[in-house]
Amino acid sequence: MDENEILQLIPHKKKGLLRIVFSRFGMAFLLLLLELMVIVAFFRWFGEYFKWLTVVQYVFAVGMVIYLFNCEMDATAKLTWMFLITLFPIPATILLWYTRTDLGHRMTMRRVNGLIGKSKGMLEQDPEVFADPEIEGSATDDLCRYLNRSGCFPLYKNTEAVYFPLGENTFEKMLEELQKAEEFIFMEFFIIDEGYMWGRILKILAEKAAQGVDVRVMYDGMCEAVLLPHDYPQRMKKLGIQCKPFEPLMPFMSTQYNYRDHRKILVIDGKTAFTGGINLADEYINRVEHYGHWKDTAVMLRGEAVRSFTLMFLQMWNIDEADDAWEPIAKGCKAERSDGYVIPYCDSPLDNDKVGENVYMDILNRAKTYVHIMTPYLILDNELENALKYAAMRGVDVRIILPGIPDKTYAYALAKTHYRELIHAGVKLYEYTPGFVHAKVFVSDDEKGVVGTINMDYRSLYHHFECAAYMYKTSCIADMEKDFQDTLAKCREVTPETIKKEKITYKVMGGVLKIMAPLM
């Protein structure tokens with residue numbers, strides 16, 4: 001099948017306001033708006049006919065504050081809810097109840113947790129790897145015990161890790177590896193957008209599907225809002241590709257909209273896997289520029305550790321499948337060149353375990369010399385902020401590279417609210433002047449590194465499905481540190497003087513929005 005035939009089956013999306021209004025997203029938005037109008041009308045009626053409303057509101061406020069003090073919730077989030085309940089006791093209480101009961105996605109939660117529980121023992125830890133003298137007694141063995149307690153994340157040795165400092169490098173290697181596929185291609189991405197990047201990939205996927213390769217594509221359901229038509233899976237089926245959205249937008253109020261699949265996973269034949277910050281859209285490879293130069297990163301794994309990414313993909317793919325199929329997990333191989341150790345892991349918002357944040361804090365708390373970080377967002381809870389400050393105050397060189405040109409003004413303003421305290425504690429902050437940093441990278445002490453999808457904000461740490469690869473003493477750690485230093489050379493340092501000169505709009509916006517940060 002040539003490229004023109006593919007384009008006829010998958011026509012380019014129509015842009016503009018009319019497409020949004022008459023799309024599934026537009027209809028869902030209108031129905032949600034109608035629901036909100038009904039709720040507002042109810043409260044107006046309630047306030048007019050119930051003379052004891054003030055007393056009831058006061059009782060609600062006191063009761064909810066007591067509840068918040070005793071529930072499991074981040075301390076910063078508790079303060080936000082207390083503020084809202086003080087201002088709007090009954091509406092805020094109902095909103096809190098709505099978010100805490102997880103209305104609308106309990107079935108998904110049961111299914112996801114059930115699949116994770118069912119597949120937890122499918123990948124066993126090799127005792128010889130765990131007993132390796134380099135691992136036994138190191139910080140990595142403790143982290144591995146924690147990760148295997150929270151999920152199914154073994155420590156692997158027979159794996160090669162290759163780091164890519166730009167989306168363009170990653171894309172070219174993806175195309176090369178996709179061409180080698182013989183058995184299956186599994187793709188799970190937060191965003192898929194039609195254009196040059198996706199067009200090149202889709203052509204290979206269609207060719208491989210025609211050759212009998214099992215091709216599966218999964219994207220987050222919010223893509224249907226503005227990027228892909230709701231019948232995209234049916235169009236892909238004509239190419240022989242299995243395709244589905246995760247939690248598509250539905251016309252009813254549900255907390256499922258809060259839990260998005262933010263992961264980026266590509267697995268080929270159980271032999272090769274990619275993860276990192278890049279999505280499948282042209283801005284990630286700088287074919288188009290919206291916010292200056294787009295700085296992104298990824299890592300490619302070859303070898304036994306790929307099995308963990310195969311498992312992660314199947315856990316999500318099987319959510320709405322009648323029969324669970326796990327056979328591809330058995331596919332795998334030892335790397336031809338292997339050095340160091342790798343632990344692929346993921347994080348689910350449907351349990352009470354903040355895996356992504358805990359791995360980051362483990363690196364910060366155990367660092368001896370330095371921790372160098374690249375992240376697009378800096379919206380921190382108290383625990384992570386304290387870990388950053390404590391590491392710096394005990395003499396660790398903590399440096400963070402952030403965007404110089406933001407993609408979201410509110411996120412940029414919120415990040416700046418942390419600047420003063422972090423700098424005062426000794427954390428060094430930098431902004432990437434050529435454009436936007438979308439990389440999610442931790443590198444420490446020339447020994448440890450993380451590349452994945454996990455931002456340093458509430459959405460990634462609390463509300464999204466995420467994934468990453470933790471690496472210990474792999475040769476690509478040096479490449480990660482070199483990339484950090486090369487990127488640092490293109491940054492401006494944030495100082496107390498630059499903070500004083502910051503635009504008043506950012507200061508005001510950040511101060512106001514910080515009250516609501518845990519809900520954003």
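Quick caveat, the model's predicted, so the values are computed rather than measured.
Heavy atoms only, all atoms of each residue included: Ala161 and Cys476 are closest at O-CB, 3.6 Å. The nearest pair of heavy atoms linking Ala468 to Ile454 is CB-CD1, 4.1 Å. Pairing each heavy atom of Thr159 with each of Ser338, the nearest pair is N-OG, 3.0 Å. Contact detail for Asn318 and Ala325: the closest heavy-atom pair is ND2-O, 3.5 Å. Smallest separation of non-hydrogen atoms from Ala281 and Asp193: CB-CB, 3.7 Å. For the pair Tyr412 and Pro403, the tightest heavy-atom approach, listed with the atom from each and the gap, is CE1-O, 3.5 Å.
Between Asp269 and Lys331 the shortest side-chain heavy-atom distance does not fall below 4.5 Å. Residues Lys208 and Leu178 are not in side-chain contact: their nearest non-hydrogen atoms beyond the backbone lie 4.5 Å or more apart. Between Lys180 and Ile268, every side-chain heavy-atom pair lies at or beyond the 4.5 Å cut-off. Between Arg366 and Leu143, every side-chain heavy-atom pair lies at or beyond the 4.5 Å cut-off.
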Pair Phe246-Phe465, ring pair (Phe, Tyr, Trp, His ring centres under 6.0 Å): steps then yes or no: CA-CA 11 Å; Phe246 173 81; Phe465 291 90; 5.3 Å; yes
Trace of the side-chain contact (heavy atoms from CB on, under 4.5 Å) decision for Glu283 with Phe436: CA-CA 10 Å; Glu283 60 264 35; Phe436 183 67; over 6 Å; no
Evaluation steps, side chain to side chain donor-acceptor pair (under 3.5 Å), between Gln242 and Asp214: CA-CA 8 Å; Gln242 298 182 66; Asp214 178 10; 3.1 Å; yes
Criterion side-chain contact (heavy atoms from CB on, under 4.5 Å) on Thr375 and Asp457, from CA distance to verdict: CA-CA 9 Å; Thr375 180; Asp457 68 353; over 6 Å; no
Stepwise side-chain contact (heavy atoms from CB on, under 4.5 Å) test for Phe164 and Phe274: CA-CA 10 Å; Phe164 299 100; Phe274 290 82; 3.9 Å; yes
Test log, rule salt bridge (Lys or Arg N to Asp or Glu O under 4.0 Å), inputs Glu183 and Lys271: CA-CA 10 Å; Glu183 296 185 53; Lys271 299 176 181 179; 5.6 Å; no
Stepwise salt bridge (Lys or Arg N to Asp or Glu O under 4.0 Å) check, Arg302 with Glu177: CA-CA 11 Å; Arg302 281 199 183 104; Glu177 295 298 321; 2.6 Å; yes
Leu202/Met236 under side-chain contact (heavy atoms from CB on, under 4.5 Å): CA gap, chis, key distance, verdict: CA-CA 9 Å; Leu202 183 58; Met236 294 282 278; 3.8 Å; yes
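The CD1 atom of Ile329 sits 10.0 Å away from atom CZ of Arg307, with the distance rounded to the nearest 0.5 Å. Separating the NE2 atom in His464 from the CZ atom in Phe190 is a distance of 5.5 Å, to the nearest 0.5 Å. Annotation: the span from Tyr472 atom OH to Glu134 atom CD amounts to 6.0 Å, rounded to 0.5 Å. Within the model, atoms CE of Met456 and CG of Leu461 stand 7.5 Å from one another, a figure rounded to the nearest 0.5 Å. Atom CG of Asp296 and atom CD1 of Ile278 lie 6.5 Å apart (nearest 0.5 Å). How far SG of Cys491 is from CG of Leu402: 9.0 Å, rounded to the nearest 0.5 Å.
Remark: Asp397 pairs with Tyr370, His372, Arg399, Lys428 by the side chain to side chain contact (heavy atoms under 4.5 Å, CB included) rule, at least two apart or across chains. Contacts of Ala478 classified as side chain to side chain contact (heavy atoms under 4.5 Å, CB included), with partners at least two apart in sequence or in another chain: none.
A salt bridge links Glu383 with Lys354: the distance from a Lys NZ or Arg NE/NH1/NH2 to an Asp or Glu carboxylate oxygen falls below 4.0 Å. Classification of Asp479 and Lys482 as a salt-bridged pair fails, no side-chain N sitting under 4.0 Å from a carboxylate O. Using a 4.0 Å cut-off between a side-chain N of Lys or Arg and a carboxylate O of Asp or Glu, Lys157 and Asp126 do not qualify as a salt bridge. Under 4.0 Å is where a charged nitrogen must lie from a carboxylate oxygen, and between Glu321 and Lys244 at least one such pair does. Salt-bridge annotation for Lys295 and Asp483: present, with a side-chain N of the basic residue lying under 4.0 Å from a carboxylate O of the acidic one. Taking the charged nitrogens against the carboxylate oxygens, Asp220 and Arg260 do have a contact shorter than 4.0 Å, which makes a salt bridge.
Within a 6.0 Å radius of OH in Tyr390, no more than 12 heavy atoms belonging to other residues, nucleotides or ligands are found. More than 12 non-hydrogen atoms from other residues, nucleotides or ligands lie less than 6.0 angstrom from NZ of Lys264. Annotation for Glu128: atom CD does not count as buried by contact number, only 12 or fewer foreign heavy atoms lying within 6.0 Å. Within 6.0 Å of NZ in Lys173 there are more than 12 heavy atoms belonging to other residues, nucleotides or ligands. Enclosure of atom NZ in Lys334 is not indicated, since only 12 or fewer non-hydrogen atoms of other residues, nucleotides or ligands lie within 6.0 angstrom. Remark: Glu176 CD is packed, more than 12 non-hydrogen atoms of other residues, nucleotides or ligands lying under 6.0 Å away.
Asp445 places a side-chain N or O within 3.5 Å of a backbone atom of Thr369 that can act as its donor or acceptor partner. Looking at Arg216, its side chain never comes within 3.5 Å of a backbone N or O of Glu188 through a donor-acceptor pair. In this structure a side-chain-to-backbone donor-acceptor pair under 3.5 Å is missing from Lys448 to Asp446. Counting only distance, with no hydrogens or angles, the side chain of Arg287 and the backbone of Gly195 share no donor-acceptor pair below 3.5 Å. Judged by distance alone, with hydrogens and angles left aside, the side-chain atoms of Thr453 form a donor-acceptor pair with the main-chain N or O of Cys467 at under 3.5 Å. Distance alone, capped at 3.5 Å, places no donor-acceptor pair between the Glu431 side chain and the Val494 backbone.
Met374 pairs with exactly one of Ile401, Val443, Leu488 by the side-chain contact (heavy atoms from CB on, under 4.5 Å) rule, that one being Ile401.
Ring-plane geometry between Phe184 and Phe186 is classed as parallel, the angle between the planes falling under 30 degrees on a 0 to 90 degree scale with a further cut at 60. Classification of the Tyr291-Trp294 ring pair by plane angle, with boundaries at 30° and 60°, yields tilted.
Judged purely by distance below 3.5 Å, without hydrogens or angles, the side chains of Tyr163 and Asn169 never pair a donor atom with an acceptor atom. Using a 3.5 Å distance cut-off with no hydrogens or angles, the side chains of Glu481 and Gln485 do pair a donor with an acceptor. For Thr170 and Tyr284, the side-chain atoms include no donor-acceptor pair closer than 3.5 Å.
For the ring-ring contact (aromatic ring centres under 6.0 Å, His included) condition, the pairs that include at least one residue of residues 341-364, sequence neighbours left out, are Tyr360-Phe442.
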